[in-house]
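In what follows, every heavy atom counts, from backbone to side chain, and hydrogens, waters and symmetry copies are set aside. No experiment lies behind these values; they were computed from the predicted model shown.
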Amino acid sequence: MAAFLKRLAKTAAPIAFGGQTKSGSSIRFGALAAISGGITSYYLFSSSHDLVYLDQLNEDTTPKVALNPDKWIEFKLQDKVQASHNSQLFRFSFDPNVKLGLDVASCIITRAPTGQSAEGKTKYAIRPYTPISDPDAKGYFDLLIKVYPEGKMSQHFASLKPGDVVEVKGPIEKLRYSANMKKHIGMIAGGTGITPMLQIIDSILKNPDDNTQVSLLYANVSPDDILLKKKLDMLSASNPNLKVFYTVDNPTKDWLGGRGFISKQMVVKGLPVPSDDTLILVCGPPGMMNHISGDKAKDRSQGELSGILKELGYTEDMVYKF
C-alpha cells in the first residue's frame, strides 16, 4: 500500500489501493455520493384473492457524507509517504459507502491535544488544511502537509502511524467555484498554497463542459520543494487550457524555470490581464501574500488589495485570497 502512495506523491495520478481497480474497489476515485432511501412494497391478498398494492415510500434525498460542520469526527490514518524533503502525504479512511462532503473550494479543520490547562481542560492545536483528493471519492481523503520544526499540528501529523486518528470538522467553504464562472483564472501559489489551486484545477479539468483557461505561477524555495510537480506537468501537457510556470529562490545549475520571487514581469507574461472575466487566486506564506496582493484582514476577511496585483491594475473583485 505504501508503494501506491509513493506513486501518488510523485505523480498524484488517480490510483487504487491494494491492487484494486477504479471500478471494482471499495475505495474509488470519481465516485458519487450515496443516496439513501428505498421503496418497500407490500402485497396483501383479500379473501376474494384480489391483489391490493400498498406502496410505502421512505426516500431520504440527503447525500450521506462523512464530515460534520458542527461536530469533531475521528478519521483513521490509512497510510502516509514522504512527498518532499519536508512534506508528507497522508491518506485518511472512513466509511467506503460515503464521500467526504467537500465542495470546491473548501478546507477542513483539524485538531490535536497538546496538554491541559490550569483548570484541567484539554488544550488543542487547531489548523485548517485543504484536501487534494477528489471530493467525489468515497471512503478516503488525502492531505499534503509541510512539516515545520516548530509546527505543533504538522509535528503531530508527522508522528502519526497507520491506525491513529485525527479529529476533523468541516467543511469550511472558501470560494464557491462553478464551471465557467470566469473565462480565465490566474493562480499564484507558494509552497503548500498549491492545495486549494489543485482542488480547483482538478474540478475544471475533469469537467468536459468547463472551458475555463487556467494559468498558474508556482513559487518555491528550490526545485526540490516543488510539490506534485509531476502531476502538474502531466496535467498541463495533456490539457491545453492549463499553463504552469515555476519559479524558485535557489535554482540549481540545470534549472530552466523562473528565478527569484514572483515579479510584475512574471504576472504580466503569465496571467490574464485585468478584466471582468478574470479572477486571480492567491495562496501562500504571509511574505508572499504581502508582496502579491496584501494579506487577509485580521478577521480573516479578504482585506484591502495591495502589492503588485494592485499596481498592475487588478481590482478587489478580480482577486481572491485563500
Side-chain angles (χ1 to χ4, degrees), residues 69 102-109 128-132 135 170-219 232 235-236 239-247 258 261-322:
L102 199 72
D103 293 320
V104 177
S106 300
C107 69
I108 57 176
I109 305 296
Y129 292 104
T130 302
I132 63 167
I172 307 298
E173 185 176 281
K174 293 292 187 176
L175 173 71
R176 171 70 70 156
Y177 178 77
S178 59
N180 302 304
M181 61 185 286
K182 297 290 182 179
K183 286 185 178 180
H184 202 157
I185 292 180
M187 299 177 172
I188 303 176
T192 53
I194 192 64
T195 57
M197 310 303 183
L198 190 59
Q199 206 180 72
I200 293 174
I201 289 171
D202 281 339
S203 176
I204 292 172
L205 298 184
K206 77 176 185 179
N207 182 357
D209 297 323
D210 196 334
N211 301 311
T212 306
Q213 299 292 312
V214 180
S215 300
L216 168 66
L217 300 182
Y218 189 17
L232 291 169
L235 290 176
S236 62
N239 294 276
N241 58 326
L242 173 64
K243 307 296 182 185
V244 181
F245 179 79
Y246 305 100
T247 185
F261 297 152
I262 290 176
S263 64
K264 283 185 180 180
Q265 182 181 7
M266 291 179 189
V267 173
V268 169
K269 185 177 180 180
L271 296 186
V273 299
S275 79
D276 291 339
D277 264 325
T278 291
L279 179 63
I280 307 296
L281 308 178
V282 189
C283 188
M288 192 201 85
M289 297 292 292
N290 288 327
H291 172 62
I292 299 295
S293 61
D295 209 346
K296 298 175 78 171
K298 291 182 178 180
D299 63 359
R300 306 312 297 163
S301 62
Q302 287 291 291
E304 182 180 354
L305 179 65
S306 60
I308 64 176
L309 290 181
K310 183 175 182 179
E311 295 171 9
L312 289 172
Y314 296 92
T315 59
E316 290 184 358
D317 59 348
M318 299 176 193
V319 177
Y320 183 86
K321 309 170 190 176
F322 281 101

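Here Y129 pairs with F157 under the ring pair (Phe, Tyr, Trp, His ring centres under 6.0 Å) rule; sequence neighbours left out. Not counting sequence neighbours, D210 has no partner by the salt bridge (Lys or Arg N to Asp or Glu O under 4.0 Å) test. Every salt bridge (Lys or Arg N to Asp or Glu O under 4.0 Å) that K310 has, sequence neighbours left out, goes to E304.
Rounding to the nearest 0.5 Å gives a distance of 5.5 Å between CD1 of I185 and CG of L281. Put simply, CD on Q213 and CG on N239 are 10.5 Å apart, with the number rounded to the nearest 0.5 Å. Considering CD1 of I262 and CD1 of I308, their distance stands at 7.0 Å, rounded to 0.5 Å. With values rounded to the nearest 0.5 angstrom, E311 atom CD is found 8.5 Å from S306 atom OG. Once rounded to the nearest 0.5 Å, the distance linking CG of L205 with CG of N241 reads 5.5 Å. Taking CZ of F245 as the start and CG of L232 as the end, the distance is 14.0 Å to the nearest 0.5 Å.
Donor-acceptor pairing under 3.5 Å is lacking for the side chains of T212 and H184. Side-chain polar atoms of T192 and T195 form no donor-acceptor pair below 3.5 angstrom.
The two residues L279 and V319 have their closest heavy-atom pair at CD1-N, 4.2 Å. When every heavy atom of N207 is checked against every heavy atom of A179, the shortest pair comes out as ND2-CB, 3.6 Å. Considering every non-hydrogen atom in both G270 and L217, the closest pair reads CA-CD2, 4.5 Å. Smallest separation of non-hydrogen atoms from I200 and M187: CG2-CE, 3.8 Å. Taking each heavy atom of L102 and C107 in turn, the nearest pair found is CD1-O, 4.0 Å. When all heavy atoms are compared, the tightest approach of S293 to V282 is OG-CG1, 3.9 Å.
Heavy-atom neighbours of Q265 CD from other residues, nucleotides or ligands within 6.0 Å: at or below the threshold of 12. Heavy atoms of other residues, nucleotides or ligands lying less than 6.0 angstrom from CZ of F261 number 12 at most.
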Note to self: I194 vs I132, test: side chain to side chain contact (heavy atoms under 4.5 Å, CB included). Steps then yes/no.
What the structure shows: CA-CA 9 Å; I194 192 64; I132 63 167; over 6 Å; no

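Although no hydrogens or angles enter the test, the distance criterion places a donor-acceptor pair under 3.5 Å between the side chain of Q199 and the main chain of S106. A distance-only check finds no donor-acceptor pair linking the side chain of H291 to the backbone of P286 [under 3.5 Å]. Side chain of S236 to main chain of L242: no donor-acceptor pair is present (N/O by atom type, distance under 3.5 Å, no hydrogens or angles). A donor-acceptor pair is defined here as one N or O able to donate and one able to accept, closer than 3.5 Å; such a pair exists between the side chain of N180 and the backbone of N211. Side chain of S263 to backbone of M266: a donor-acceptor contact under 3.5 angstrom is found.
The salt bridge (charged side-chain N to carboxylate O under 4.0 Å, His left out) analysis of residues 278-303, with sequence neighbours excluded, yields no pairs. Sorted by first and then second residue, the ring pair (Phe, Tyr, Trp, His ring centres under 6.0 Å) pairs involving residues 298-322 (not counting sequence neighbours) are Y320-F322. Counting only residues at least two apart or on different chains, no salt bridge (charged side-chain N to carboxylate O under 4.0 Å, His left out) pair has a member in residues 312-322.
V273 places none of its side-chain heavy atoms less than 4.5 Å from the side chain of L312. By the 4.5 Å heavy-atom criterion applied to side chains, V244 and L235 are not counted as neighbours. Between L309 and I188 the shortest side-chain heavy-atom distance falls below 4.5 Å. Looking at V214 and I204, their side chains come closer than 4.5 Å, going by heavy atoms from C-beta outward. Side-chain atoms of T315 and P274, non-hydrogen and from C-beta on, never get closer than 4.5 Å to each other.
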